[in-house]
Amino acid sequence: DLRPGVRSSTPALEAATPLVRELRGLVSPSELRGLVGDLRPTVPALARLSAATVPLYQQVRLASSCQNEVILPWSRDTVPDTHFPARGPVYQEAVKPLPGLAGESRSGDANGQWFRVLAAGGTNLVTLKPGVFSTTAAPLLGTNPPAPRDRPQLDATVPCETQAKPDLRTQVGAPPPQRTVDITSAAYQKRYALAKAHAVKWLKGAVKREGLAKLLKVGETDVTAGLVDRMAKQVQEHQHALRARIDGSAP
């Protein structure tokens, strides 16, 4: 019974000898045994780190599933609003204010930033919340979405991935408290003149501090549509002249 195996053992040993020789060199102090000796202080720490990251990656999985199952579908929804129809999904509508906000940092230098501010006033005083007021040019007819009465309950024990997707439908609510302001009254005119004088004084001081007094002038008259048109025309003429200089068609 053993004779066939004995006959084949010699070729097997001859074929395995080079492998054994390489394995012996691999486990020598200059190879794998030395590497294991170098890693011995680190391997227990890596094992502890691997065990400690299990709860972390469980939370990462929950967050990723929440992103895929709830947040991403919500960002692709479109807000249903008959009064102010959305022109795109949430991920497009939500970022539209950002270019306007970024525009405030376009004009500036190392001395500071000059912000483009559009101050608008109206004859209707609106109470946004106790102690906070604003004005509008026309009466507000409603609010959408209306202010929530109660804060949604937050239950940290319920996974986000199992919760219902956000419902973007809403009903127009009543407008905030508002009243008409008589801008022709003497009290209003006096208060307006005082606020205007303070604003002009502050702006002149800011222009002077920035070293721009020779380039910019602060007027005390109210801006009119004709003045805006003239300013726009001058800006266009300046742009055309600058473009002509760049193109080499003007001295």
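On a predicted model such as this, the values are computed, not experimentally measured, just so you know.
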*asked:* Do W74 and Y91 land in one hydrophobic cluster if side-chain heavy atoms of ILVMFWY residues count as linked below 4.5 Å?
replied: no
*Between Y57 and V54, is there a shared hydrophobic cluster once you connect ILVMFWY residues whose side-chain heavy atoms come closer than 4.5 Å?*
no
*Any chance you could measure R191, atom CZ, to Q189, atom CD, to the nearest 0.5 Å?*
13.5 Å
*Verify, without hydrogens or angle tests, whether T136 (side chain) and A138 (backbone) share a donor-acceptor contact under 3.5 angstrom.*
yes
*asked:* Show the nearest heavy-atom pair for residues E69 and K165, with the distance to one decimal.
replied: O-CE, 3.5 Å
*asked:* On a heavy-atom basis, which atom in S8 and which in P11 lie closest, and how many Å separate them?
replied: O-CD, 3.3 Å
*Does some side-chain heavy atom of Q178 sit less than 4.5 Å from a side-chain heavy atom of T127?*
no
*If two hydrophobic side chains count as joined below 4.5 Å and joins carry through other members, does L35 share a cluster with L26?*
yes
*When you look at CG of L49, are more than 12 heavy atoms from neighbouring residues, nucleotides or ligands closer to it than 6.0 Å?*
yes
*Is the backbone N or O of P159 less than 3.5 Å from a side-chain atom of T162, with the two atoms forming a donor-acceptor pair by type?*
yes
_For a 4.5 angstrom cut-off between non-hydrogen side-chain atoms, does P166 reach V70?_
yes
*Value rounded to 0.5 Å, distance of CG in D77 from CG in L168*: 5.5 Å
_Presence of salt bridge, E161 and R61, under 4.0 angstrom_ = yes
*Determine whether N144 and D81 make a side-chain contact, defined as any pair of heavy atoms from C-beta on separated by less than 4.5 Å.*
yes
_Which atom of V200 lies closest to which atom of E220, heavy atoms considered_ = CG1-CG, 3.8 Å
_Minimum-distance pair of heavy atoms, taken over all atoms of E93 and G88_ = OE2-N, 3.2 Å
*Under the side-chain contact (heavy atoms from CB on, under 4.5 Å) rule, what do L140 and V126 come out as? Steps first, then yes or no, please.*
CA-CA 8 Å; L140 296 180; V126 180; 4.0 Å; yes
_Is there a side-chain contact between V172 and H83 in this structure, where contact means two heavy atoms from C-beta onward sitting under 4.5 Å apart?_
yes
*Inter-residue atom distance L23.CG - S28.OG, 0.5 Å rounding*: 11.0 Å
*Salt bridge or not for E31 and R24, using N-O below 4.0 Å?*
no
*Any donor-acceptor pair under 3.5 Å from S185 side chain to Y188 backbone*: yes
_Within the structure provided, determine whether K196 and K201 are in side-chain contact (heavy-atom separation under 4.5 Å)._
no
*Chi angles and distances behind the side-chain contact (heavy atoms from CB on, under 4.5 Å) call for R87, K96*: CA-CA 11 Å; R87 298 184 180 273; K96 286 183 177 179; 4.1 Å; yes
*asked:* Could you see if L125 belongs to whatever hydrophobic cluster contains L128? Use Ile, Leu, Val, Met, Phe, Trp, Tyr and a side-chain cutoff under 4.5 Å.
replied: no
*If you take all heavy atoms of P146 and T170, which pair is closest and at what distance?*
CD-OG1, 3.4 Å
*Hey, are the side chains of S64 and Q67 touching, using non-hydrogen atoms and a 4.5 Å cut-off?*
no
*Is there a side-chain contact (heavy atoms from CB on, under 4.5 Å) between V158 and Q163 once you walk through the steps?*
CA-CA 8 Å; V158 179; Q163 298 183 17; 3.9 Å; yes
*Flag the pair T135 / V181 as yes when at least one side-chain heavy-atom distance between them is below 4.5 Å, and no otherwise.*
no
*Taking atom CD of Q58 and atom OG1 of T53, what is their separation to the nearest 0.5 Å?*
10.0 Å
_Distance check, rounded to the nearest 0.5 Å: C160 atom SG versus N68 atom CG?_
10.5 Å
*Quick one: are Y192 and D222 in side-chain contact, heavy atoms under 4.5 Å?*
yes
*What pair of heavy atoms forms the shortest contact from R209 to W202, and how long is it?*
NH2-NE1, 4.4 Å
*asked:* Around atom CG of L2, are there more than 12 heavy atoms from other residues, nucleotides or ligands closer than 6.0 Å?
replied: no
_Distance check, rounded to the nearest 0.5 Å: K214 atom NZ versus L212 atom CG?_
11.5 Å
